[in-house]
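Residue numbers start at 1 and run along the sequence shown. Read the numbers this way: they start at 1 and go in the same order the structure lists the ligands and their atoms.
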Amino acid sequence: MLSIIVTHKTNIGYLTDCLESISEQDYKDFETILVLDHTADNLDNLIEEYTNSINLKVFKLEDKEGVSAARNLGMAKASGDFITFVDNDDYLMPETLSGMMELFDDETDMAYCEFKTTWFQKKAFNEAQAEEGEDEDDEVIEVDFEDVFDYKVEYFKKLEKESILGAIYRKSLWTDNNISFNEEQKYFADAKVLMGLLDNARNIKTSHKGMYVKRSHNDKLNNPSLNQIEKETTMPFYFVAYDNAIKATENNKRLRNHVYVILAKFITKPYLRKLRDKKEEWGDVWEKEFFEELSKRAKDVDLKALKRKDFTRAEKKLVRVMGEGNFDKAYKQGLKVLARRKLVKMLIDKRIRNKTIALYVFSRMKFKTDWIVFESFMGRNCSGQPKYIYQYLQKHYPGKYKCIWVVDRRGVKIPGKYKKCKRFGLKYFYYMNRSKYWVINMRQPLSVPKRDDTIILSTWHGTPLKRLVFDMDDVHSATPQYKNIVYRQTREWDYLLSDNPFSTEKFQSCFLFDKEKILEAGYPANDPLYAEDKEEHANRIKEKLGIPKDKKVILYAPTWRDDNFFEAGQYGFDLDLDLNRLQKEFGEDYVVLLRLHYFVVEKMDLSKYGDFTINGCDYDDITDLYLVSDILMTDYSSVFFDYANLERPILFFTYDIDKYRDVLRGFYLDMEEDLPGPLLLTNDDVVDAIKNIDKIKEQYKDRYKEFYERFCCIDDGNAAKRVVETVFEN
Ligand code: C2G
């Protein structure tokens, strides 16, 4: 029998995924030992639900605490011949246990499985995996007994942070060799244990079936995972772990060498970064206490273990000098390592070169109080709130400000008098460093430091429907540091523009933002929707886009999907709308103006629909597209909040609402109750709705009115004026 040991202290939200994944295993001969480490969570319901399906046995840590003690207790209670550990915030893919269990023969003491770190919850991860396609390669690598040594090192390298997770062990491997977790050690307790296991295991096998999925928590502020806890807290445990690992590898030179490599990597990477970044905050800790501790250990490192492919000569020297125990000398060598690294980076990366020039040259140049940098959608185009604030300044304060537009693409049309620069080009750093105002509608890069007197007007780009940042449980599309990065960026904003009281409320929670700095002035980009000449303007745009005068326009403007991505900011899109059918049904009276979100890089081939579709994907300014359309169809995009200012019909094609709501994001509004139009789940619904658009208008009249009063209550055509008069010195 196999005993699965799960320990629990906090994060009950994650535990369901963990237990569910155990219940879904096809291997059934197991018990689950759940050890509660003084948890404040109420697990009664979960325990009841899973008692049978995972053969659950619950124990409580009484007089001790901590994950090491909890795991030891779990092991003492385990009645299986085999054991494995699953952290309460992680989960297993199907067939993970059977994949490993079937590998055990008389000489095998451990079997490990694939291991992946993710920020996806289980459901989303499964779907992403399923879409990637089944991994056909479930071949088992058999290891010769002689090679087991290489294997041990390989295994060790694979497991990030020297962890014992993602493997099944013969229990006697632990008991015969007196291996257990050091209960004094709050962090890094796995290192010694793992060394002991690897050293004593007779044979190790690897399974390619299933996977151990380690969840990173990306909410460093509210819910840190171990590697997000400040180094100052974990350092003392690191030293203990290191010493234990050294002891455990006394008779095993190759594993010992690997321990040296770990220390050398620590010295040349995080420790060095600490010295560089925190000079003024070091205090005694990094310069004295940690330096001394590291130095003591560096002295014994066999430098031959540090291979040329992993360490430069300067880095190797740093490890040697650290071992000599002279801080000043080590610091100097550290600076040399950093300077060399920077030089190499500058040679290969233009952006780093420009950033360095900015640091030493531009940031020391005179600050210009009448310069304004404008940037919309990270330099994609001239649109959104920045465009209309800019236009207002051009019209009402001609010549007063020098305006600079950040635009990356060629051919972007910008009216008026301005300078232009490319994002992260040399000129960009020049203008960003010297200009007093930055008007941006997304987040600014942290690599351009804000000067003390710089004013950032963050206009954002829509009333939030989809939950944002700190209101999201899980961030599927972003890096694990996402919340932390957003927190730092938003601290730099001097003003955050809001379109309505609802946004003002949500921005406070989703950005943990101060109400005082929120400027509830309405959206300048919605000003044209109230302009007296909007009809004439619309006609001009229709002509530009080639929309026949006798046709009505359905604007289809969906948002992006967090899980359909190629890389950061580059997303795919599957068009579920049946354009063929719409053309057959409505080709006589309508055209469809297709406008995908700016994150979507996939190009749509619309040629087969002839005149029926107009491609609006590359059109700069969506406000213009609102003006020319008779109906808006969207899904979860905030575009409808803006469009509602026109009081024209809105349809919601929400074919994947369950996934979007439950897995990917979650909403701030009740989609069924609060929206100013119907939710359409299929193409049949879409066809019906368009056919009956007048009826729908009538049906949703009251709701539309309520919606308008709630979300469009400030926009009146004068938002740009209000913003300019508040933010700029006029
Ligand atoms: N947008 C667009 N075309 C689309 C969708 C969006 O031009 N098909 C533009 C609109 O200006 C819209 C903005 O991008 O207001 C934001 O789009 P969303 O679809 O709502 O998505 P997102 O970028 O995730 O922003 O608070 C708002 C949220 O941040 C949403």
Contact atoms of ligand 1, heavy-atom distance to [X] under 4.0 Å:
{"X": "T559", "result": "18 (P), 19 (O), 21 (O)"}
{"X": "L468", "result": "26 (O), 29 (O)"}
{"X": "S637", "result": "5 (C), 6 (C), 17 (O), 18 (P), 19 (O), 20 (O)"}
{"X": "V639", "result": "5 (C), 6 (C), 10 (C), 12 (C)"}
{"X": "P464", "result": "26 (O)"}

Candidate list D621, N645, V639, test side chain to side chain contact (heavy atoms under 4.5 Å, CB included), partner Y626, passing option: V639
Under-4.0 Å heavy-atom contact with ligand 1, by part of L465 that carries it: neither
Under 3.5 Å between some N or O of ligand 1 and some N or O of [X]?
{"X": "Y626", "value": "no"}
{"X": "Y636", "value": "no"}
{"X": "I622", "value": "no"}

Check: S376 main-chain N/O paired with R380 side-chain donor or acceptor under 3.5 Å: no
Just to be sure I'm reading this right: ignoring hydrogens, which of [options] gets closest to [atom]? Compare them by their nearest heavy atoms.
{"atom": "atom 30 (C) of ligand 1", "options": "K466, H597, R380, Q385", "answer": "K466"}
{"atom": "atom 24 (O) of ligand 1", "options": "F377, Y523, W560, F640", "answer": "W560"}
{"atom": "atom 27 (C) of ligand 1", "options": "A557, S376, G462, S503", "answer": "G462"}

Close approach of G384 to ligand 1, heavy atoms, under 4.0 angstrom: no
F641 to ligand 1, any heavy atom closer than 4.0 Å: no
Set of ring-ring contact (aromatic ring centres under 6.0 Å, His included) partners for H537, sequence neighbours left out: none
Cationic N near anionic O, under 4.0 Å, R540 to E536: no
For D494, salt bridge (Lys or Arg N to Asp or Glu O under 4.0 Å) partners two or more places apart: K450
Side chains of E492 and Q444, donor plus acceptor under 3.5 Å: yes
Residues T454 and K436: side-chain donor-acceptor under 3.5 angstrom: no
Aromatic ring proximity, centroids under 6.0 angstrom, W560 and Y636: no
Value rounded to 0.5 Å, distance of CZ in F728 from CD1 in I372: 4.0 Å
